[in-house]
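Accompanying notes for the structure given below.
Here is how names work: the chains are called A, B, and so on, in the same order as the sequence lines, proteins then strands, and each is numbered from 1.
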Protein chains: 2
Amino acid sequence: MRPPPLDRVRLPEARLTTALRRSLVEAVGGFHVRDDAETRVRHAAGRSYVDLLRLRSGTLDSAPDAVAYPGNAAEVLAVLRACTEHECAVVPFGGGTSVVGGVAPLRDGMRCVIAVDVERLDSASGVDAIGMTATLQAGMRGPHIEAVLNARGMTLGHFPQSFEYATAGGFAATRSAGQASSQYGRFDEMAAGLAMQSPSGELITDALPPAATGPSLLQALLGSEGTLGVITEVTVRVHPLPHVEHYAAWSLPDLAHGLDVMRQLAQDGGKPHVARLSDADETRAAFAMSSGRATPVARRYLRVRGQPAPCLMVLGWEGDGDVVGQRVRVASRVLRRAGAVGLGAAPARAWRRDRFQAPYLRDALLDRGVLVETLETVTRWSAVDAVRRAVRGALISSLSERAQPLIGCHVSHIYRDGASLYFTVLAEQRRGDAVEQWVAAKRAATDALLAQGAALSHHHGVGVDHSRWMPSAVGERGMALLQALKRELDPTGVMNPGKLLVASEPELTTF
Amino acid sequence: MRPPPLDRVRLPEARLTTALRRSLVEAVGGFHVRDDAETRVRHAAGRSYVDLLRLRSGTLDSAPDAVAYPGNAAEVLAVLRACTEHECAVVPFGGGTSVVGGVAPLRDGMRCVIAVDVERLDSASGVDAIGMTATLQAGMRGPHIEAVLNARGMTLGHFPQSFEYATAGGFAATRSAGQASSQYGRFDEMAAGLAMQSPSGELITDALPPAATGPSLLQALLGSEGTLGVITEVTVRVHPLPHVEHYAAWSLPDLAHGLDVMRQLAQDGGKPHVARLSDADETRAAFAMSSGRATPVARRYLRVRGQPAPCLMVLGWEGDGDVVGQRVRVASRVLRRAGAVGLGAAPARAWRRDRFQAPYLRDALLDRGVLVETLETVTRWSAVDAVRRAVRGALISSLSERAQPLIGCHVSHIYRDGASLYFTVLAEQRRGDAVEQWVAAKRAATDALLAQGAALSHHHGVGVDHSRWMPSAVGERGMALLQALKRELDPTGVMNPGKLLVASEPELTTF
């Protein structure tokens with residue numbers, strides 16, 4: 001089941017009215033309002049399994065009626081005002097890498113829907129080598145951000161799996177977390193200030209160090225996922241490029257010992273930049289998929305060392321040589337006490353080389369009719385293993401109709417008080433109702449993790465797919481507070497409707 | 001001019017209606033509704049210079065009509081509902097240490113005003129030695145928090161100058177920052193979750209590690225200064241008690257070199273727990289006030305070493321021996337390059353011993369008719385000295401009528417992107433209009449720091465005294481967003497009116 005070429009995908013007719021088109025052309029210029037089929041298809045879906053199924057089906061139920069490409073903040077504002085006037089839903093669009101339906105072109109009662117693609121907002125300014133900050137326009141993609149900063153001897157240090165495509169605005173809108181988050185922080189910690197264009201006008205938060213001037217407006221806008229306005233600019237705290245890098249892998253006798261090491265590293269001064277710990281199933285799969293000749297030797301060696309079901313840990317430290325040295329020393333002590341067996345740098349190098357590759361591998365598996373999807377959460381240290389077991393159990397019950405699914409799990413973001421869990425699911429795809437198959441499994445997994453007190457999402461965000469659980473995640477009064485923000489900035493509700501702030505059900509399409 | 005005993009201060013008559021009193025007694029019990037003169041005086045003012053002048057005048061223009069002491073969250077809620085029904089303003093009251101009018105008993109158009117003192121909410125629960133978190137009730141004071149945690153081998157590490165009196169709820173409501181903030185963080189970073197009682201009901205944010213589930217409700221409530229509701233509980237991230245402490249003092253040849261050291265320590269891995277740098281004037285005053293016999297020797301020695309106008313720096317590291325060792329090594333390199341002269345541990349020990357004493361010293365100076373007050377801000381590294389000069393200049397112009405004022409300034413909170421500045425002002429008090437004298441000076445200083453792009457407050461908060469500048473600090477649209485939160489949680493506006501969310505002018509009383 002190979003995907004059709006983009007220009008062959010069937011789409012509903014574009015419903016843009018003449019009056020709205022005129023306003024949009026006035027706002028951004030005729031060349032920057034597009035509604036050709038390829039442009040609409042490229043803005044019709046994110047990168048979730050269900051999105052990919054839809055694209056591969058060759059027929060899309062929905063697509064934006066047009067895509068606007070504003071060139072500056074004033075043009076964004078003009079587009080939002082036109083859409084407010086003409087009752088047109090607006091989907092802010094950065095890298096299009098949402099895996100939770102964040103860029104789904106929902107009309108939600110509006111007369112039409114457009115995507116506002118921020119790709120033309122792609123420059124950095126105000127790079128401050130003393131205060132180590134820089135201002136990034138929303139459309140800058142990960143590699144562009146790093147290229148600009150690296151040329152000045154700096155790094156942002158934000159490397160989510162979507163790095164190659166995702167944008168600064170998307171990082172801010174979704175509270176993104178990168179693979180080196182334990183050192184450089186989550187994007188919501190990197191952000192010092194932002195500019196947002198909303199139907200009510202522009203809102204700029206100052207980009208000063210932390211202050212005591214009332215509630216944090218910045219933190220009330222980060223994570224708003226396009227429902228309050230379009231983020232046009234983010235000022236971020238940056239770091240000097242590291243002098244030294246030290247990456248290595250270890251094998252732990254079991255998950256409990258591995259989690260204990262991760263917790264100690266997060267709490268006690270050995271904190272790495274990158275910390276990943278796979279459970280025994282994911283480790284077995286990693287060994288099986290590894291092409292290196294050393295792998296069978298390593299597995300035999302680990303068996304001899306009393307680790308028949310090992311858990312793979314990859315740790316990486318970067319920075320000043322002295323700091324890295326001290327942290328590696330602390331970590332080595334912790335690892336030794338936990339019975340870790342060193343596997344050297346090669347597996348860690350392999351992980352680094354391939355760290356943005358999983359989405360491509362997924363395409364190859366989809367070609368072969370495999371259900372392949374991921375989900376994630378975060379919880380307190382004391383609950384990590386219970387959450388893992390509960391989610392795993394729920395996925396297995398839901399997906400074991402024919403063959404048992406393969407479920408790998410790893411910890412990839414560690415905090416003083418807890419850790420993220422990232423699940424990869426492989427199962428036989430049920431033809432005819434592949435969407436329902438996954439929606440049911442996802443629902444079972446999410447119900448299970450919430451019942452264990454874990455978070456609705458660690459870094460994927462809410463979008464459409466998680467919105468039905470928002471009231472239970474933040475409470476009815478929490479929802480009311482978020483909706484109060486929306487009423488203020490987007491009184492007519494044109495901004496990314498049907499997501500985050502309303503408990504929605506995903507549309508079920510049959511393939 | 002010594003202060004009168006509290007029970008001799010004259011107060012306006014209490015205006016509590018019979019109906020409201022009945023509701024309050026129903027809510028918390030008769031014993032926990034008080035309106036005796038001493039209780040009302042104790043809740044009539046915070047600890048600003050103007051507050052102290054008012055108390056010392058022997059006559060208070062305003063005082064709460066009564067004070068309610070709820071014993072749990074449900075009682076707080078019942079009190080808020082009674083006050084909403086009876087149009088009574090509510091001032092949440094913790095340690096009463098606000099220096100910006102945060103606990104001023106303003107009616108602001110309501111029929112009466114009560115303080116809600118949370119002192120009975122004084123226990124900790126859910127101390128989690130694995131995830132290193134604890135839940136603190138709002139009324140727990142600094143020493144109590146530390147005692148409970150220290151007994152379990154833990155520390156919160158939050159030591160603001162108000163430590164002895166200030167409470168967990170107040171720390172959260174004001175975005176407090178303690179003296180060891182560069183290691184343990186500001187209180188808004190320590191907080192993982194909270195419970196707030198508002199006139200609309202209870203709002204609880206989960207206390208999980210950071211997640212991607214929409215805007216941060218926690219960060220939208222922290223810093224709300226009692227204007228949205230009463231914080232009844234905060235879950236905080238705690239730390240193991242440090243094994244090793246290393247405190248020492250240095251003398252820097254001038255402020256520029258000192259600031260450069262502070263910035264490098266904040267950015268490059270030598271980060272201390274405590275970092276203080278006094279400008280030359282404050283250093284001179286510190287030497288002059290020091291009782292040690294070593295001081296004149298030190299001053300002569302520094303002159304010989306080419307530091308005729310030295311700037312004193314106190315640094316402290318705590319934690320694991322290995323981490324402290326590494327950081328002290330990095331810092332020593334930085335200090336050496338900047339021409340710092342080591343003064344050993346004694347001045348640092350003296351600072352630690354006296355670090356909560358300044359408010360007591362202030363009382364002694366007030367007895368002698370001295371204007372004594374502090375103000376603070378935070379800004380980017382590149383602007384620190386310009387802000388210092390601008391504020392200093394504004395204060396000197398405003399206060400030099402007779403004798404030149406003494407103005408000391410120090411940096412005491414360092415960030416990767418900037419630093420706080422804390423000013424201490426001593427001047428001859430203008431009898432008859434002492435309040436106007438200070439209000440004019442404060443206004444000049446604040447206008448000056450905002451003109452330089454510094455923050456309205458780093459950790460004192462907004463209260464009444466800073467509220468007139470809030471629209472310029474957060475913008476008109478930012479104010480509208482904050483007011484939208486208030487409309488949702490406090491639709492009739494009983495919560496701490498006249499502060500933070502409205503641009504108010506302080507009342508000028510003549511003494």
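The part of B:Asp206 that comes within reach of chain A is its side chain, from C-beta onward, which places non-hydrogen atoms under 4.5 angstrom from that chain. The contact between B:Ala473 and chain A is made entirely by backbone atoms, counting heavy-atom distances below 4.5 Å. Neither the backbone nor the side chain of B:Ala177 comes within contact range of chain A; no heavy atoms are under 4.5 Å apart. At a 4.5 Å heavy-atom cutoff, the contact between B:Arg416 and chain A is made by backbone and side-chain atoms alike. For B:Ile130, the parts lying under 4.5 angstrom from a heavy atom of chain A are both the backbone and the side chain. Both the backbone and the side chain of B:His239 come within less than 4.5 Å of a heavy atom of chain A. Using a 4.5 Å cut-off between heavy atoms, B:Asp128 contacts chain A through its side chain alone, with no backbone atom that close.
None of B:Gln219, B:His459, B:Glu225 except one satisfies the side chain to side chain donor-acceptor pair (under 3.5 Å) rule with B:Arg175; the exception is B:Gln219.
Taking chain B as the reference chain and counting heavy-atom pairs below 4.5 Å, the highest number among A:Glu202, A:Glu376, A:Arg487, A:Glu476 is found for A:Glu202. Note on B:Gly325, B:Gly453, B:Ala220, B:Gly201: by heavy-atom pairs under 4.5 Å with chain A, the leading option is B:Gly201. When A:Leu489, A:Leu481, A:Leu500 are compared by the number of non-hydrogen pairs under 4.5 Å with chain B, A:Leu481 comes out ahead. For chain A, the option among B:Ala173, B:Ser176, B:Ser216 with the highest count of heavy-atom pairs below 4.5 Å is B:Ser216. Note: A:Ala207 leads A:Ser420, A:Pro240, A:Ala192, A:Ala207 in heavy-atom pairs under 4.5 Å with chain B.
Rounded to the nearest 0.5 angstrom, A:Trp381 CH2 and A:Met262 CE are separated by 6.0 Å.
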